[in-house]
Novice: 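What follows is a structure written as structure tokens; I'll ask about it next.
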Amino acid sequence: RCALHQNHLWDGLSMDGRRGEMKLNTVPIKRLFFLVFVGTTLFMAAITLVIFGMTRQLSVLIAGILLILCSLIGLSVLTQIFGKRLSLFAANLCQTLDNMIDGKEEPAIIDDSETLLARINHRLSRLYQIMQENQRKVDAERQELQVLVSDISHQVKTPISNLKMVTDTLLARSVSETERTEFLRGILNQTDKLDFLFQALVKTSRLETGVIRLEKKDGRLFDTIAQAMSGIVYTAEKKQIRVSVDCPENLTVAHDSKWTTEAIFNLLDNAVKYTPAGGRIAVTVKQWEMYVEIKVADTGKGISESNQATIFRRFYREEEIHDQPGVGIGLYLTREIVTRQGGYIKVVSELGKGSEFSLMLPVR
């Protein structure tokens, strides 16, 4: 009980202390100075009276009064100086904060690190840098969003225009059964293109925003490549393209099987698109000291050296291949998938002699 009572007592004192501190913090500066004046005057007057009462000498009383007057004058001067310094400090602080909000300038650096103003200025500088960095990120994200919206609108413009033209034709005049079938096939082709675009955008956005995180697990690379190969077998056979795979069946690598399959499929799909009929596609896997290399080589049209740095941009397509299906997002997505697993992608190509894309996945 005594311990409990003592705890309550300490809690009460702590609460009273906090309340007293809160009350002190809310006292205006002028009132605080007035209280200091009054307290100093009363304290010195009390001391003077005590000494006068003990000595009964008039000179002590006069000296005490003069000392009180000098102290009050000194306190008054100090108060005026402190008030002006405080007002100047508050004005400079408000001006600095206004400039920071407007993004006009960074707070000036003060060499004297021992003063209160210097410590506050140092924190304001850090706050300004954080604000500027956040603003740069917001501007970059806004710019990226504008580019993305522009790219998407450009990509969907053609299929939507084609769909509108076909439907207007079907509504405006009567057509034969053969023309109707051709128009419907055109509508199906354009809707497939739109569906492919939106599916690619969904995959990319989920990967970029972190909605889907890549999970690396030990697995056979042969199975991942086989899964990717299954998506291009039909189109390769249709163009009579010979596809070969050289991969050790028991090679195990830590990777995200689903997304790595997507990355390899994108390379194979491009190889089939841009390799002429009767060409060859070779998939080879080599294990190096730090990386496992998955190389997709074709005998297609090749890529000019000037374009090799830009083919991984989102929605980028070379001018001479716009007759091929696709939206130019496959290589961008492939690079993102490999990069997020700690690897990288490289390309070796020459016009008219085919291309070699290598996915480098880390061994560990």
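For the single chain, residues carry numbers from 1 onward in sequence order.
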Novice: Under the salt bridge (charged side-chain N to carboxylate O under 4.0 Å, His left out) test, which residues partner K164, sequence neighbours left out?
Specialist: D168

Novice: Checking side chain to side chain contact (heavy atoms under 4.5 Å, CB included) for the pair H255/L221: CA distance, chi angles, key distance, verdict?
Specialist: CA-CA 8 Å; H255 66 292; L221 204 55; 4.0 Å; yes

Novice: What's the verdict on side chain to side chain contact (heavy atoms under 4.5 Å, CB included) for L333 and E262, showing C-alpha distance, side-chain angles and the deciding distance?
Specialist: CA-CA 9 Å; L333 187 59; E262 178 77 22; 3.9 Å; yes

Novice: Go through the structure and list residues passing ring pair (Phe, Tyr, Trp, His ring centres under 6.0 Å) with F265, not counting sequence neighbours.
Specialist: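 Expected list: none.
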
Novice: Could you check whether R340 pairs with E336 (Lys NZ or Arg NE/NH1/NH2 to Asp/Glu carboxylate O, under 4.0 Å)?
Specialist: yes

Novice: Under a 3.5 Å distance rule, please check whether Q341 uses its side chain to pair with a backbone N or O of V338 as donor and acceptor.
Specialist: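 Not a single qualifying donor-acceptor pair exists.
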
Novice: Tell me, which pairs form a ring-ring contact (aromatic ring centres under 6.0 Å, His included) where one or both residues lie in residues 234-253, sequence neighbours left out?
Specialist: none

Novice: Any side-chain heavy atom of I241 sitting closer than 4.5 Å to one from R280?
Specialist: no

Novice: Do the side chain of T260 and the main chain of S257 share a donor and acceptor less than 3.5 angstrom apart?
Specialist: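 Side chain of T260 to backbone of S257, a donor-acceptor pair under 3.5 Å: no, none is there.
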
Novice: Could you pull out all residues at least two apart from S230 that satisfy side-chain contact (heavy atoms from CB on, under 4.5 Å)?
Specialist: Q227

Novice: What are the two closest heavy atoms between I281 and A271, and how far apart are they?
Specialist: CD1-CB, 3.6 Å

Novice: Donor-acceptor pair, N307 side chain versus I303 backbone, under 3.5 Å?
Specialist: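 Absent.
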
Novice: For Y344, which residues count as a ring pair (Phe, Tyr, Trp, His ring centres under 6.0 Å) partner, sequence neighbours excluded?
Specialist: Y291

Novice: For residues 245-253, tabulate all N or O donor-acceptor pairs below 3.5 Å that involve a side-chain atom, not counting sequence neighbours.
Specialist:
none

Novice: Check salt bridge (charged side-chain N to carboxylate O under 4.0 Å, His left out) between K216 and all other residues, then give those that pass, not counting sequence neighbours.
Specialist: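 Residues passing salt bridge (charged side-chain N to carboxylate O under 4.0 Å, His left out) with K216: none at all.
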
Novice: Test of understanding: with salt bridge (charged side-chain N to carboxylate O under 4.0 Å, His left out), list the residues that count as partners of D269, not counting sequence neighbours.
Specialist: K273

Novice: Who pairs with E289 by side-chain hydrogen bond (donor to acceptor under 3.5 Å, both in side chains), at least two apart in sequence or on another chain?
Specialist: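 Listed in chain order: nothing, the list is empty.
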
Novice: Closer than 3.5 angstrom, by distance alone: can the side chain of K239 be matched with the main-chain N or O of T275 as a donor-acceptor pair?
Specialist: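 Yes, the answer is positive, given that a donor and an acceptor are paired below the 3.5 Å cut-off.
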
Novice: When you measure from the side chain of D223 to the backbone of G219, do you find a donor-acceptor pair of N or O atoms at a distance under 3.5 Å?
Specialist: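 No, because the side chain of D223 does not come within donor-acceptor range (under 3.5 Å) of the backbone of G219.
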
Novice: Any non-hydrogen side-chain atom of T224 less than 4.5 Å from a side-chain atom of R220?
Specialist: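 They are not in contact (no side-chain heavy atoms under 4.5 Å apart), so the answer is no.
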
Novice: Who passes salt bridge (charged side-chain N to carboxylate O under 4.0 Å, His left out) against E293, sequence neighbours left out?
Specialist: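 If we apply the salt bridge (charged side-chain N to carboxylate O under 4.0 Å, His left out) test to E293, skipping adjacent residues, there are no hits.
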
Novice: Mind checking what makes side-chain contact (heavy atoms from CB on, under 4.5 Å) contact with L42, not counting sequence neighbours?
Specialist: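 side-chain contact (heavy atoms from CB on, under 4.5 Å) check on L42 returns V38.
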
Novice: Check for a donor-acceptor pair, side chain of E305 on one end and backbone N or O of E350 on the other, with a separation under 3.5 Å.
Specialist: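 No, E305 side chain to E350 backbone: no donor-acceptor pair under 3.5 Å.
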
Novice: Excluding sequence neighbours, so at least two apart, what forms side-chain hydrogen bond (donor to acceptor under 3.5 Å, both in side chains) with S349?
Specialist: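 With sequence neighbours excluded, S349 shows a side-chain hydrogen bond (donor to acceptor under 3.5 Å, both in side chains) to S355, given in chain and number order.
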
Novice: Can you confirm whether V347 sits close enough to E356 that some side-chain heavy atom of one is under 4.5 Å from a side-chain heavy atom of the other?
Specialist: no

Novice: Within a strict 4.5 Å, meaning less than it, do heavy atoms of the F357 and L331 side chains meet?
Specialist: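 The answer is yes, as the side chains (C-beta and beyond) meet within the 4.5 Å cut-off.
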
Novice: Is the side chain of K353 donor-acceptor paired with the backbone N or O of T299 at a distance under 3.5 Å, no angle test?
Specialist: no

